[in-house]
Amino acid sequence: MMLLTRKMIEIRSILNTIGQGGALTLPSIVVIGSQSSGKSSVLEAIVGHEFLPKGSNMVTRRPIELTLVNTPDAKSEYCEFPALGLGKITDFSQVQRTLTDLNLAVPTEQCVSDDPIQLTIHSPNIPDLSLIDLPGYIQVVGKDQPVELKQKIADLCDKYIQPPNVILAISAADVDLANSTALRASRRVDPRGERTIGVITKMDLVDPMRGVEILSDRKYPLRLGYVGVVCKIPHQTSGLFSRTGANVTNAVVKNENAYFSSHPLQFGPKSEVAVGTTTLRHKLMHVLEQTMAASLAGTRDAIVQELEEATYEFKVQYNDRPLSAESYLAESLDSFKHSFKEFSEQFGRPQVRALLKEVLDQRVMDLLAKRYWNKPVEDLSPMQPEADPLSELPKADPNSLYWQRKLDASTSELTKLGVGRLATTVVAAELQSHIDKLIAASTFASHPFAQRSIVDASSSILNDRFYSTSDQVENCIKPFKFEIEVEPNEWSKGRENVGRVLKSELKACETAQRQLEDSIGKRKLKDVMGFIDRVRKGDVVLEGDGTGGAGGFSSALLQKGREAVFLRDRADIIKMRLLAVKSKQCANSKNKYYCPEVFLDVVADKLTSTAVLFLNVELLSEFYYNFPRELDLRLGRHLDQSEIERFAREDPKVRRHLDVIKRKEMLELVLEKIESLRQLEGRAKKDQAKP
Ligand code: GDP
């Protein structure tokens, strides 16, 4: 029959994890008693170890759901706190410390908490039992305790002593039973005494005759009876027990037997009263089994109903779509890798080339501005729209050392600007920013942990490749630092490109100018620009630094005016440069001193082509090959079950979906267990009926 209790306790534990209570659970034995009635001593005698929080000021503040699992073949004992995931604990003093900490964690103003602590003990020396230890009733509230404590404890106990639970009401023999808080409480909820077991502790503290009288109480008769015990752990050895983990039960029983057998008349074999911890243990096992078996059918029906609801929810809300944390992760990872593959097919050599060229074009622009178009803007102001711009262009004589040096210095600045580093940085940054975009568009967007892993994966590969790639690129562009030959077709391509770049610069300038016009009005802008031009020419002398405004214009307006003048001058220069590039002189590579823009563009183009060649092999291909593998490593094989679970549950939608499935699975499991249990029960009954 013991197997049945074990199985029912197992079912009870599973139902606990589904967590609903009510009809969806199986009964347990609830232990109540006043403080110092000997409640802890009784529980520890049953378990065989000191493990409950002690101390003068220690009030148990949370229920402890104690599941005892008999493991007949095991040599060692261990405890587990299933909700805490601390693993197997073999040291009972550590269990005691953990329970103390969990109790102390309840805030004083809350007094007590009804959130139970679950503790499972596996041992060959204990029976299969399910017990709930509740805070002891207090008579008087201590100085530093909240006044509501007494009532809160009583309320908490009331919640647990409801049917179908069995009540283990503990009272001390040396206190009048009429004053026993435990018995009074159980009488209120169980007036006919049908599910209460009375335990009378400290039998050694009263006269044996009085003891017998108490155990045969007629004022509150109990169907399950009273049991008298002496649970005091023998003094000389108690410290030793907790330290060595030796079994307390044997010592208690020995001590107890010595007491009861010294009064054979009252407690001997012929006696009518039940005494002893061993008797109590057997009674608990028997009563729990009976009570659980009686509840089984009702619990089963409740589970069937619950299961129907979960199945319906799964069907309606989730379309019966299966999902597990692992499959969710695997699918997310697959689709991310898929989108990465799509990206890698779109971002190849031509794209890298365009990206790099654009960066170098900008550098060329800056360089030209610095070396050729570097005259102060004011000095160009005589150039009026009606004047012929070409007449203002610098006349570069190809034989002049000055112009040769100028172009050589510009070229060398371009080839020596650290193209290797620049190109690698630009491409790596582009890859990283694409990865960020892919993450944002993927399911990983709502998973911070996965996001970090992916970003780490890409940056670790890019960092690994960075130095060797930029060195390679730098090495390969070395020849251009000494000599550059230009073919006619290269020249004309460069000329076209420069035209394009300048045009787009011009457009940007003009757009900015128009925005200024729109913001303050065309008329007003013209006025303030005219004023600034006059100041420049020296026609007007500014008083002070102009910060407080001048010429009837506010300082903010002057600022806008200056911007507009700058943009206008810049646009004029760009127009002039465009004309120069388009001019006949620039049609031929022989005129490179006259057309530095085109020449430098050709150089930039050569640098780009060479760099791209190596970037493609050293960075792009490597990245495309390694990144998916690195992802697998970090998000696939590397994660353990709990990490995968945590990952999936980061997304509330997924969490709800997983919860419904889990609930359904657990209910199905429990139902299956109940059915097999009932078959077992049926068979046992048939065997008993056989002659
Ligand atoms: P709790 O507050 O109800 O958990 O009570 P404890 O189990 O801590 O016991 C209170 C005190 O009573 C402790 O000092 C125990 O040693 C003592 N005690 C418990 N059971 C017995 C017993 O059967 N006989 C005697 N003499 N003392 C006991």
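Here the structure is a predicted model, which means the values were calculated and not measured. Order of appearance sets the numbers: ligands from 1, and atoms from 1 within every ligand.
- Within ligand 1, counting atoms from 1 as listed, the ones closer than 4.0 Å to a heavy atom of Ser34 are 3 (O).
- Classification of Asp204 and Lys232 as a salt-bridged pair fails, no side-chain N sitting under 4.0 Å from a carboxylate O.
- For the residues Ser37, Ser40, Gly228, Gly33, the heavy atom positioned nearest atom 8 (O) of ligand 1 is part of Ser40.
- Regarding atom 5 (O) of ligand 1, its nearest protein heavy-atom neighbour is Gly38 N, 3.1 Å.
- For ligand 1 and Val230, the ligand atoms under 4.0 Å from any heavy atom of the residue are 23 (O).
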From CA spacing to verdict: salt bridge (charged side-chain N to carboxylate O under 4.0 Å, His left out), Arg210, Glu213: CA-CA 5 Å; Arg210 169 87 191 113; Glu213 227 176 273; 3.2 Å; yes

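- With a 4.0 Å cut-off on non-hydrogen atoms, Asp204 touches ligand 1 through its side chain and not its backbone.
- Taking only nitrogen or oxygen atoms, main chain and side chain alike, Lys202 reaches within less than 3.5 Å of ligand 1.
- At least one heavy atom of Ser36 lies less than 4.0 angstrom from ligand 1.
- Side-chain atoms of Thr5 and Glu289 form a donor-acceptor pair, as typed in the model, at a separation below 3.5 Å.
- Between Glu44 and Lys54 there is a salt bridge, since a side-chain N of the basic residue sits under 4.0 Å from a carboxylate O of the acidic one.
- A distance of 11.0 Å separates CD in Glu65 from CG in Asp133, rounded to the nearest 0.5 Å.
- Within a 4.0 Å radius of atom 13 (C) of ligand 1, the protein contributes no non-hydrogen atoms.
- Judged purely by distance below 3.5 Å, without hydrogens or angles, the side chains of Thr67 and Thr120 never pair a donor atom with an acceptor atom.
- Residues Tyr318 and Ile661 fail the side-chain proximity criterion, which asks for heavy atoms closer than 4.5 Å.
- The Leu205 neighbourhood of ligand 1 comprises atoms 26 (N), with distances under 4.0 Å to a heavy atom of that residue.
- With respect to atom 19 (C) of ligand 1, the closest heavy atom belonging to the protein is Ser41 OG, 3.4 Å.
- Of the protein's non-hydrogen atoms, the one nearest atom 25 (C) of ligand 1 is Lys232 CD, 3.4 Å.
- Nearest protein neighbour of atom 23 (O) of ligand 1, counting heavy atoms only, is Cys231 N, 2.9 Å.
- Between Arg6 and Asp128 there is a salt bridge, with a side-chain nitrogen of the basic residue lying less than 4.0 Å from a carboxylate oxygen of the acidic one.
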